[in-house]
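Heads up: the structure comes next, in structure tokens.
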Amino acid sequence: MRHCINSCIQLCPKDTYTQQIGCQGGPHPKHQVCPTCKGENKILFRVDSKQMNLLAVLEVRTEGNENWPGFLRFKKGKRCSLVFGLIIMTLVMVSYILSGAHQELLISSPFHYEGFPSNPSMMDSENPSDTKEHHYQPSISNISYAKDYPSIRVIIRSITARIEFTTRQLPDLQDLKRQELHMFSVIPHKFLPNSRSPCWYEEFSGRNTTDPYLTNSYVLYSRRFRSTFDALRRAFWGHLRLARGKRFRLRCLPHFYIIGQPKCGTTDLYDRLRLHPDVQFSAIKEPHWWTRKRFGIVRLRDGLRDRYPVEDYLDLFDLAAHQIHQGLQAASAKEPNKMNKIIIGEASASTMWDNNAWTFFYDNSTDGEPPFLTQDFIHAFQPEAKLIVMLRDPVERLYSDYLYFASSNKSADDFHDKVAEALQLFENCMLDCSLRACVYNNTLNNAMPVRLQVGLYAVYLLDWLTVFKKEQFLILRLEDHASNVKDTMHKVFQFLNLGPLSAKQEALMTKSPASNARRPEDRNLGPMWPVTQKILRDFYGPFNTRLAQVLNDEAFAWKTP
């Protein structure tokens, strides 16, 4: 049994350097021990304020001084000229080194062996200024500096030759329950028949002086949510149901989820859809509960916190639950069986793809593939849930993602370097592990300087389709949404069975400017290099082709930019 989550790095004299993502369960077949250092000698070296582990071999040879008499016999003018020339040569070399060429001479590992990864894949909804700075580290093998398309194409061909879309084995319901005993004890198996959203009443045992949100983790760990919960707190007590001398509160889960992908227009879709009077979203746009918070992940750079219980997640839907409760109470006397038309949505762009926490919590892996995925648990409670996916040309998505999350030194040149490095890391994993194992490989994802894996839409969608029916998905393209917002919103209304809007409401929804557009300073950086674009199109091509086949729509192949 192998876990493809470890990394092997070997550094030896004489410019010998190999790096790869390997699998647990035994030594790597290509593992070599340096005959000189035997993996024991490490010298800490700092370059540009970065600590590097290098194996330094210093060889000093002494030369005789027989040339000094000849030098001293030079005339003063010639000696000065020679010295001046040497000074100029030295300055040129120093300038060359300081300009960045020294990076080709030094080897730096892209792996960061910390307790938890800190890349932006864990912070889709965070402000870029809140994320940890990601300093660029030199690419290995000088591939990115040569910008040699034929050389990188060899790597892409190696990856393409190993692509195999296999069907994952679904876990048993009892295994899911064993993993989340508390969640299964809180969420019931059946919901109210007259509510479109999955809702139920549960007894509230707190006293009148009790703050129902006192221990909510979203409040404790983020100041910006406190005003939201102040509003929830004020409205809470007026929406309790009295029955048999007890008080009950209405609890709800989302009727639909906008599950992905990041930098594909999910924020714009969310902002427009929430203008519909029958749609209510969670109090926080992107709770990231299913993928992160239920594991205790706020920002992985801070390590794991206490896990957010499911009650904290349900609190986010209280405002919507209050409205549904009012409707149910009003209809109970006149039309007890009338269906409440309000539907609740949730829009975390990490839901579709982010399963990075599995390596910390699930140990019964098969060949490095996660035994449980997010969709397994959602389906266990909501087998009829509706799922909306917004996709975008993965080449452009990656560049947009880079511009949004990179904190410094952004440029087309830097992006090219990071793409080349990420491709090599992905190939190293594919040499030993399955496609799924590499896509869900937390160590690999943390090591890659750009989130190459997020654009592998076919892998994620196929895994979701093993759990949910195809009819439960609405798959949209950002390109179509940008060119015809009205048409996209009508498709969403139809998919969610929402009533029509008035002309004024529809105009407000469709004519408002796009949300979360690219920042002016990022637009000024210009597009990626054509060669980088070509490299990424070659890499994503097989995955796009498979996606188009699954959806029976060639538009999802993105063959024409």
Side-chain angles (χ1 to χ4, degrees), residues 183-208 210-213 216 218 228-258 270 273-284 287 289 309-347 378 380-388 472 492-502 505:
M183 192 195 316
F184 279 90
S185 69
V186 172
I187 301 176
H189 299 295
K190 295 183 178 180
F191 306 112
L192 295 177
N194 51 349
S195 173
R196 291 191 62 194
S197 294
C199 298
W200 68 97
Y201 282 102
E202 71 174 25
E203 183 180 355
F204 179 73
S205 57
R207 294 174 296 177
N208 285 333
T210 301
D211 179 357
Y213 307 108
N216 187 287
Y218 285 98
T228 299
F229 280 92
D230 286 341
L232 288 171
R233 198 175 287 110
R234 289 191 295 269
F236 180 81
W237 303 105
H239 294 88
L240 292 178
R241 176 186 177 186
L242 298 177
R244 303 183 302 276
K246 299 179 180 179
R247 291 176 296 181
F248 294 84
R249 67 189 294 189
L250 188 67
R251 288 293 210 178
C252 297
L253 282 168
H255 172 73
F256 70 95
Y257 295 84
I258 300 176
Y270 161 85
L273 188 53
R274 68 192 181 102
L275 296 176
H276 196 290
D278 294 339
V279 175
Q280 295 292 323
F281 278 95
S282 55
I284 299 168
W289 186 80
V310 66
E311 291 90 343
D312 291 2
Y313 179 60
L314 296 175
D315 285 348
L316 302 182
F317 305 104
D318 272 4
L319 280 180
H322 294 339
Q323 293 189 34
I324 295 174
H325 168 72
Q326 285 180 317
L328 294 175
Q329 292 292 96
S332 61
K334 299 179 180 179
E335 301 176 85
N337 296 323
K338 183 180 179 180
M339 180 69 68
N340 188 278
K341 60 183 180 180
I342 292 177
I343 61 173
I344 302 176
E346 201 253 70
I378 295 178
F381 299 108
Q382 300 175 255
E384 303 301 322
K386 293 200 170 185
L387 308 161
I388 300 177
Q472 294 176 252
V492 175
F493 296 162
Q494 183 179 6
F495 177 70
L496 297 176
N497 296 318
L498 292 170
L501 296 175
S502 66
Q505 289 173 323

Can you tell me how far OG1 of T228 sits from CG of D318, rounded to the nearest 0.5 angstrom? 12.5 Å
So Y313 and W289, would you call those rings parallel, tilted or perpendicular, with 30° and 60° as cut-offs? parallel
Would you say L240 and H322 make side-chain contact, with heavy atoms under 4.5 Å? no
To the nearest 0.5 Å, how far apart are SG in C199 and CG in N194? 9.5 Å
Is there a side chain to side chain contact (heavy atoms under 4.5 Å, CB included) between L319 and Q280 once you walk through the steps? CA-CA 8 Å; L319 280 180; Q280 295 292 323; 5.6 Å; no
Flag side-chain contact, heavy atom, 4.5 Å: F281 against I258: yes
Inter-residue atom distance I378.CD1 - L387.CG, 0.5 Å rounding: 7.0 Å
For P193 and M339, work out which heavy atoms get closest and say how close. O-CE, 3.2 Å
Restricting to pairs with a member in residues 238-247, which pass side chain to side chain donor-acceptor pair (under 3.5 Å), not counting sequence neighbours? N208-R247
Is there a side chain to side chain contact (heavy atoms under 4.5 Å, CB included) between L273 and F256? Walk through the geometry before answering. CA-CA 12 Å; L273 188 53; F256 70 95; 3.7 Å; yes
If you round to the nearest 0.5 Å, how far is CZ of F236 from CZ of F229? 12.0 Å
Should D230 and Y213 count as side-chain neighbours, where that means a heavy-atom distance under 4.5 Å? no
Main-chain N/O of S197 paired to S195 side chain as donor or acceptor, under 3.5 Å: yes
Is the closest side-chain heavy-atom distance between L192 and L250 below 4.5 Å? yes
Mark yes or no for whether E202, through its side chain, and V186, through its backbone, hold a donor-acceptor pair below 3.5 Å. no
Show the numbers, then the answer: is there a side chain to side chain contact (heavy atoms under 4.5 Å, CB included) between W200 and L253? CA-CA 9 Å; W200 68 97; L253 282 168; 4.2 Å; yes
Of all heavy-atom pairs linking F184 and A380, the shortest is CZ-CB, 3.9 Å
Do you know which two heavy atoms are closest between I342 and R196, and how far apart they sit? O-CB, 4.1 Å
Could you grab the distance from atom CG of L498 to atom CD1 of I343, nearest 0.5 Å is fine? 4.0 Å
Shortest non-hydrogen contact from N340 toward G327: ND2-CA, 3.7 Å
Does a side-chain heavy-atom distance below 4.5 Å link L496 with D278? no
Pairing residues for H255 by the ring pair (Phe, Tyr, Trp, His ring centres under 6.0 Å) criterion, not counting sequence neighbours: none
Please name the pair of heavy atoms, one in Q382 and one in P198, separated by the smallest distance, quoted to 0.1 Å. NE2-CG, 3.5 Å
Check: P500 main-chain N/O paired with Q505 side-chain donor or acceptor under 3.5 Å: no
Would you give the length of the straight line joining atom CZ of R249 to atom CD of E203, rounded to the nearest 0.5 angstrom? 12.0 Å
Within the structure provided, determine whether P212 and W237 are in side-chain contact (heavy-atom separation under 4.5 Å). yes
Side chains of V492 and H276, heavy atoms from C-beta outward: is any pair under 4.5 Å? no
For residues H325 and Y201, determine if any side-chain heavy atom of one lies less than 4.5 Å from a side-chain heavy atom of the other. yes
Whether K386 side chain and F495 backbone form a donor-acceptor pair below 3.5 Å: yes
Run Y218 and D315 through side chain to side chain contact (heavy atoms under 4.5 Å, CB included) and show every step you take. CA-CA 10 Å; Y218 285 98; D315 285 348; over 6 Å; no
